[in-house]
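A, B, ... follow the sequence lines: proteins, then strands. Residue 1 opens every chain. Scope of the values below: all heavy atoms of this structure, side chains included, with no hydrogens, waters or symmetry mates.
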Amino acid sequence: MSEVRLRFAPSPTGYLHVGGARTALFNWLYARRMDGKFILRIEDTDLQRSTKEYEQAILDALKWCGLDWDEGPDVGGPYGPYRQSERTKAGIYSEYAKKLVEMGRAYYTVYDKIDRKKELLRTFDFPKDYVDQGHDVTINFKVQEGKTRFYDLLKGELEFDNSTIGDFVMIKSDGFPTYNYAVVIDDHLMRITHVFRGEDHVSNTPKQIMIYEALGWDIPQFMHIPLILGFDRTPLSKRHGATSVEHFRRIGILSKGLMNYLALLGWSVGEEEIFDVKEKVKQFNPSTISNKGVIFDPSKLEWVNGKHMRLMNVEELLEEFNDWINFAGKKVPQVERPYALRVVQVCREKVNTLAQLYEFAYPFFFDDYSFEEQFVSEYLLSPFAEELLKKAIDMFNNLEDWSVMGTEKVCRELAGLGIASKNKVFQTLRGAVTGRLVTPGLFETLSILGKQKTTERLTRTLEYRSTKIRERTAQT
RNA sequence: GCCCCCAUCGUCUAGCGGCCUAGGACACUGGCCUUUCAAGCCAGAAGCAGGGGUUCGAAUCCCCUUGGGGGCGCCA
């Protein structure tokens with residue numbers, strides 16, 4: 001059996017959309033499952049909208065997703081070039097277009113110079129005079145009578161009456177091919193065996209089939225994947241907020257988490273929900289993908305992501321975290337690796353994204369955290385706080401054992417002093433060393449912070465309290 | 001308008017004629033744990049779009065209606 005070859009063919013007119021990423025993922029999954037090839041092709045025939053920046057952004061996003069390709073514009077391959085603009089310059093599309101004209105399956109259309117939509121004539125002969133005079137000329141495919149059918153892996157046998165399909169442009173007047181034409185030429189020349197793409201291409205498929213048939217080429221296996229929709233059931237777009245892969249990366253979603261969620265969206269692998277997509281390659285069966293439009297649910301994405309954060313080993317998470325800090329352009333914590341590992345270990349228990357992790361871990365990394373309003377009004381300014389903090393500074397200064405058990409012992413002693421209730425004592429201490437009322441466990445927090453930071457912070461908080469009290473007295 | 005696709009809890013799904021008084025997950029609600037909590041554990045509420053058939057029997061098969069989506073570009 002010949003080699004299975006699949007491709008993902010984005011057009012560089014925007015960032016990689018999660019829908020595109022899902023399509024790429026399914027292509028990739030099947031290529032890997034069949035020990036075939038995954039090819040990346042850039043469809044940049046829309047001169048107006050395509051940019052190099054977007055192309056690079058898409059490549060970066062795909063790489064981040066872990067969807068590596070065997071052939072593509074950056075790595076080359078036996079069937080290159082892999083950019084349609086380059087293939088156009090190489091004359092690949094016009095060659096077959098001319099052939100189709102010669103066969104009588106396509107014709108030239110000449111348009112009016114002023115009213116550029118108005119057809120002047122159709123001809124099988126190259127209209128040299130008109131071209132010389134500067135008229136727009138396209139090459140159009142001539143649709144014949146009959147029916148066109150094809151088999152879709154997901155939808156089964158599909159049939160279209162050719163009378164519902166009009167002749168269509170293959171070569172635009174700027175010399176570039178249209179999508180429906182170029183895709184056929186490229187897929188054939190690149191030996192593509194399976195075309196997995198969005199459902200929005202179903203109605204275009206018969207046009208492509210007609211070209212395959214006219215040229216006497218084998219038709220690849222098609223599978224059209226339902227679109228990803230927003231909660232209002234309209235296709236997921238900017239109107240639903242940012243939808244690019246880059247956006248989810250920015251808000252701290254792990255590549256593993258995104259891929260896992262995207263795979264889950266329309267494809268169920270038994271009861272299991274949390275997995276590394278790469279480990280599910282063997283079980284990938286494209287025909288089990290759901291056949292209905294699916295709604296993108298950000299809250300489930302977050303949940304999946306949080307699970308991954310808690311399941312992966314801490315070293316790996318720390319690495320992801322550092323990469324993210326860098327990517328997101330956040331202030332980089334200047335701490336030792338063992339310290340960072342402990343922080344990540346305790347903080348990941350209660351967050352679902354790297355951004356949340358950063359936010360949650362902030363007081364462990366930096367001293368410039370601020371005090372939460374509620375902590376100040378409800379605890380810090382309370383009468384008991386002064387005595388408690390003084391006592392705490394004293395006891396922590398004398399503490400030698402900074403293990404979790406050690407800090408717990410001191411905390412419990414402080415709570416037993418009768419200065420305030422246990423809850424108030426703990427919350428006051430928590431706020432005093434982190435500025436907030438919601439943090440990892442207090443004993444762990446203190447243990448990680450250590451003697452120097454803890455006592456410094458307690459002292460500083462006590463001073464802050466005095467200043468606040470003075471301000472308040474001055475006002476009244 | 002014409003053509004095509006789709007239809008199980010709010011969402012993602014299991015189900016492929018009897019195992020279904022429809023299972024799981026997210027979200028939601030309540031409880032537990034408890035030093036806070038966004039983590040964890042337990043419990044609950046929530047669904048086969050509607051109508052006809054076929055059949056001893058239908059979420060599962062067929063038809064219609066309704067609803068949703070896609071396409072009909074010198075966009076991809």
Provide, to the nearest angstrom, the distance between the CD1 atom belonging to A:I225 and the P atom belonging to B:rC5. 18 Å
Could you tell me if the ring centre of A:F150 sits under 6.0 Å from that of A:F222? yes
A:R116 versus A:S173, side-chain donor and acceptor atoms under 3.5 Å: no
Test ring pair (Phe, Tyr, Trp, His ring centres under 6.0 Å) applied to A:Y261 and A:F296, A:W303, A:F248, the passing residue: A:F296
Grab the CD1-C1' distance between A:I295 and B:rG47 for me, whole Å please. 14 Å
Please state how far atom CD in A:E413 lies from atom C1' in B:rU35, giving the value in whole angstrom units. 16 Å
By the 4.0 Å heavy-atom rule, please label A:S268 as base, sugar-phosphate, or nothing. sugar-phosphate
Distance, C1' atom - from B:rG23 to B:rA59, rounded to whole angstrom: 13 Å
Rounded to whole Å, CG of A:D297 lies from P of B:rU13 at a distance of 11 Å
Nearest-nucleotide wise, let me know which of A:F160 and A:N352 is further upstream toward the 5' end of RNA chain B. A:F160
When the C1' atoms of B:rG53 and B:rU60 are considered, how many whole Å apart are they? 15 Å
Presence of donor-acceptor pair under 3.5 Å, side chain of A:K350 and base of B:rU36: yes
Please give the distance between the C1' atoms of B:rC32 and B:rG70 as a whole number of Å. 49 Å
Mapping A:E157 and A:W303 onto RNA chain B by nearest heavy atom, which one lands closer to the 5' end? A:E157
Tell me what A:F168 touches on the nucleic acid: a base, only sugar-phosphate, or nothing, going by heavy atoms under 4.0 Å. nothing
Considering every strand and a 4.0 Å limit on heavy-atom distances, what is the contact class for A:G266: base, sugar-phosphate, or nothing? sugar-phosphate
Nucleotide B:rC33, atom C1' - distance to CD of A:E349 in whole Å: 15 Å
Distance between C1' atoms of B:rU66 and B:rG50 (Å, rounded): 7 Å
Reading nucleotides 71-76 of chain B 5' to 3', which nucleotides get B (base under 4.0 Å from a protein heavy atom), which S (sugar-phosphate only), which -? SS-BBB
Check the distance between B:rC12's C1' and A:F231's CZ and give it to me in whole angstrom. 10 Å
Sugar-phosphate, base or nothing in reach of A:K424, heavy atoms under 4.0 Å: nothing
Are A:Y181 and A:F176 an aromatic pair, judged by ring center distance below 6.0 Å? no
Determine the interatomic distance between P on B:rC62 and the same-named atom on B:rC72; round to the nearest Å. 29 Å
The Watson-Crick or G-U wobble partner of B:rA43, with both key distances under 3.5 Å, is B:rU29
Any A:K422 side-chain N or O less than 4.0 Å from OP1/OP2 of B:rU35: yes
Contact class for A:R412 (heavy atom, under 4.0 Å): base, sugar-phosphate, or nothing? sugar-phosphate
May I ask you to say what A:G293 touches in the nucleic acid, namely base, sugar-phosphate or nothing, with a heavy-atom cut-off under 4.0 Å? sugar-phosphate
On a whole-Å scale, what distance lies between the P atoms belonging to B:rG10 and B:rA22? 15 Å
Could you please name the partner base of B:rC2, counting Watson-Crick and G-U wobble pairs only when both distances are under 3.5 Å? B:rG71
Report yes or no: do A:Y15 and A:T243 form a side-chain donor-acceptor pair below 3.5 Å? no
Let's see if you can work this out: which of B:rC6, B:rG40, B:rU11 has an atom nearest to the side-chain heavy atoms of A:R233? B:rU11
Look through every strand shown and name the nucleotide pairing with B:rU34 as Watson-Crick or G-U wobble, where both distances are under 3.5 Å. none
Rounded to whole angstrom, note down the P distance from B:rU11 over to B:rC16. 23 Å
Checking all strands, does A:T234 fall into the base, sugar-phosphate, or nothing category for heavy-atom contacts under 4.0 angstrom? sugar-phosphate
Which one is paired to B:rC61, where only Watson-Crick or G-U wobble pairs with both distances under 3.5 angstrom count? B:rG53
Considering only the P atoms, how many Å lie between B:rG40 and B:rU8, rounded to the nearest integer? 28 Å
So what does A:L442 hit on the nucleic acid, given a heavy-atom distance under 4.0 Å: a base, only sugar-phosphate, or nothing? base
Between A:W69 and A:Y82 (judged by ring centroids, cut-off 6.0 Å), do the two rings come close enough to count as a pair? no
Examine B:rG40: is either OP1 or OP2 under 4.0 Å from a nitrogen or oxygen in the side chain of A:K307? Give yes or no. yes
May I ask you to check whether A:F371 and A:Y464 place their ring centres under 6.0 Å from each other? yes
Just one of A:T178, A:V184, A:I171 clears the side-chain contact (heavy atoms from CB on, under 4.5 Å) bar with A:Y93, so which one? A:I171
Sugar-phosphate, base or nothing in reach of A:R430, heavy atoms under 4.0 Å: base
Are A:F284 and A:F26 close enough that their ring centres sit under 6.0 Å apart? yes
Distance check needed: B:rU35 C1' versus A:L388 CG, whole Å only. 13 Å
A:E408 CD - B:rU34 C1' separation (whole Å): 12 Å
Aromatic contact, A:Y179 with A:H201 (centres under 6.0 Å): yes
